[in-house]
Amino acid sequence: MLEDKTILLGITGGIAAYKSAELARLLIKEGATVQVVMTSNAEKFITPLTMRTLTGRPVYSSLFSPSYGSATVHIDLAREPHLVVVAPATANFLGKVSSGIADDLLSTVILAVKLQECPVILAPSMNTAMFHNPAVRDNIALLRRRGYLFADPLSGSLACGEVGEGRMVEPVQLVELIKKELAKSARADYSGLTVMVTAGPTRESLDPVRFVSNRSSGRMGYALARAAAERGARVILISGPTALEPPPGVDFFPVESAREMYAAVMDKFSLADVIIKAAAVADYRPEEAYGQKIKKGDTLSVKLVRNPDILQELGSQKGDRFLVGFAAETENLLENARKKMTNKNLDLIVANDLTQEGAGFAKETNKVHLIFRDGHVEELPLMLKSELSHLILERVRAAIG
Ligand code: PMT
């Protein structure tokens with residue numbers, strides 16, 4: 001799991017430093033290369049010789065040592081790892097990092113690490129009163145907002161004889177957290193890309209009370225938006241009315257009608273590298289939207305007129321953007337989907353057979369065929385919309401190279 005991964009293990013001066021030796025051993029057992037950087041206070045709790053023997057690598061602790069051979073060892077060390085873990089992280093160290101103080105090698109390395117490329121996990125360890133001190137609470141809150149990750153301390157007997165919160169998490173738990181974070185960042189294949197997703201139904205007004213709409217819940221589009229954000233994309237989600245919360249971190253633009261969705265999509269589409277149109281856009285709208293509630297009669301005739309076809313318009317203007325459409329069908333699935341793909345100039349179409357059990361509107365699952373521009377068809381099994389979203393994004397990423 002951790003083969004080919006380099007982990008920088010920072011050790012600061014707390015009694016839990018003895019656990020760092022076990023952490024290094026477990027990481028190495030998983031195949032990782034472990035580079036240790038210690039503060040001078042950490043060396044009072046555990047010797048550099050112990051860490052050097054366990055890791056098979058030199059241990060760094062001073063900013064200025066002629067034996068390093070590089071004058072910019074802090075930058076070299078910050079560039080190398082796939083992940084940094086500081087265990088234990090003392091109250092003093094958290095205070096320094098939150099204030100941007102770089103007065104020794106470890107704090108300078110942390111300042112030089114680019115968080116968007118390399119996750120940093122801090123494992124606090126201290127007395128309960130110190131952990132609950134407002135200064136420490138504020139520092140932790142600030143660091144979390146900046147994107148640092150925390151392995152929250154456990155409750156238990158502390159070295160000072162007290163019982164309470166502040167005990168550093170066990171090395172095995174830290175290893176699990178490290179694996180989880182590295183698995184996530186391995187999927188950050190959309191960082192630097194913008195993905196626009198449309199979702200949900202549109203509502204076409206008949207009068208102030210009534211509208212024409214369809215059965216889309218928005219689940220498919222929201223799952224795509226969430227998955228794209230999880231893979232590091234900037235996400236623009238344009239959605240018709242749904243009961244769903246927009247996923248965290250996406251730019252959200254709610255709309256109501258097809259014409260509003262058209263305007264929002266056209267306004268933003270030049271920002272996007274990939275556009276995925278999962279929305280069920282109403283093809284027709286009432287020709288007239290009455291200003292007052294229509295009074296009851298024996299019958300009511302409503303003339304419907306065509307809405308703009310947003311996807312077709314995108315297809316004619318797309319340039320080198322990657323355009324994914326959906327086709328919701330109840331018959332001749334592949335034939336109808338292929339026609340839509342050609343007419344709308346798509347790079348990929350997700351053909352959605354609404355007659356299949358567990359597929360289509362308002363379900364947690366979906367069953368689709370992917371049809372690629374070169375004619376290749378991939379039939380997928382029934383799967384969660386969240387899983388399908390990642391699979392679609394994987395195929396798109398492979399196609400755009
Ligand atoms: O929202 P859920 O409840 O999770 O349901 C998911 C879904 C069934 C809505 C979704 O998986 C799906 O199939 N979406 C497309 C529905 C649809 O409108 O299909 P269509 O075959 O009518 O349209 C083809 C494509 O053209 C779609 O990408 C659609 O967004 C787009 N279109 C259609 C009409 C129009 N006026 N403008 C468009 O852009």
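Ligands are counted one by one from 1 in listed order, and the atoms in each one are counted from 1 as well.
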Salt bridge check: are [X] and [Y] linked by an N-O gap of less than 4.0 Å?
{"X": "Arg57", "Y": "Glu80", "result": "yes"}
{"X": "Arg397", "Y": "Asp189", "result": "no"}
{"X": "Arg395", "Y": "Glu378", "result": "yes"}

Original post:
How would you list, by chain and number, every residue that makes a side-chain contact (heavy atoms from CB on, under 4.5 Å) with Arg52, sequence neighbours excluded?
Top reply: Leu49, Val59
Subject >> Residues forming a side-chain contact (heavy atoms from CB on, under 4.5 Å) with Glu357, sequence neighbours excluded >> reply: none
Subject >> Sequence neighbours excluded - ring pair (Phe, Tyr, Trp, His ring centres under 6.0 Å) pairs with any residue from residues 363-401 >> reply: Phe372-His376
**OP:** Would you check ligand 1 and list the protein residues that come within less than 4.0 Å of it by any heavy atom, ordered by chain and number?
**Re:** Ser216, Ser217, Gly218, Arg219, Met220, Lys277, Ala278, Ala279, Ala280, Val281, Asp283, Pro308, Asp309, Ile310, Leu311, Gly325, Phe326, Ala327, Ala328, Lys340, Lys344, Asn352, Gly360, Phe361, Ala362, Asn366, Lys385
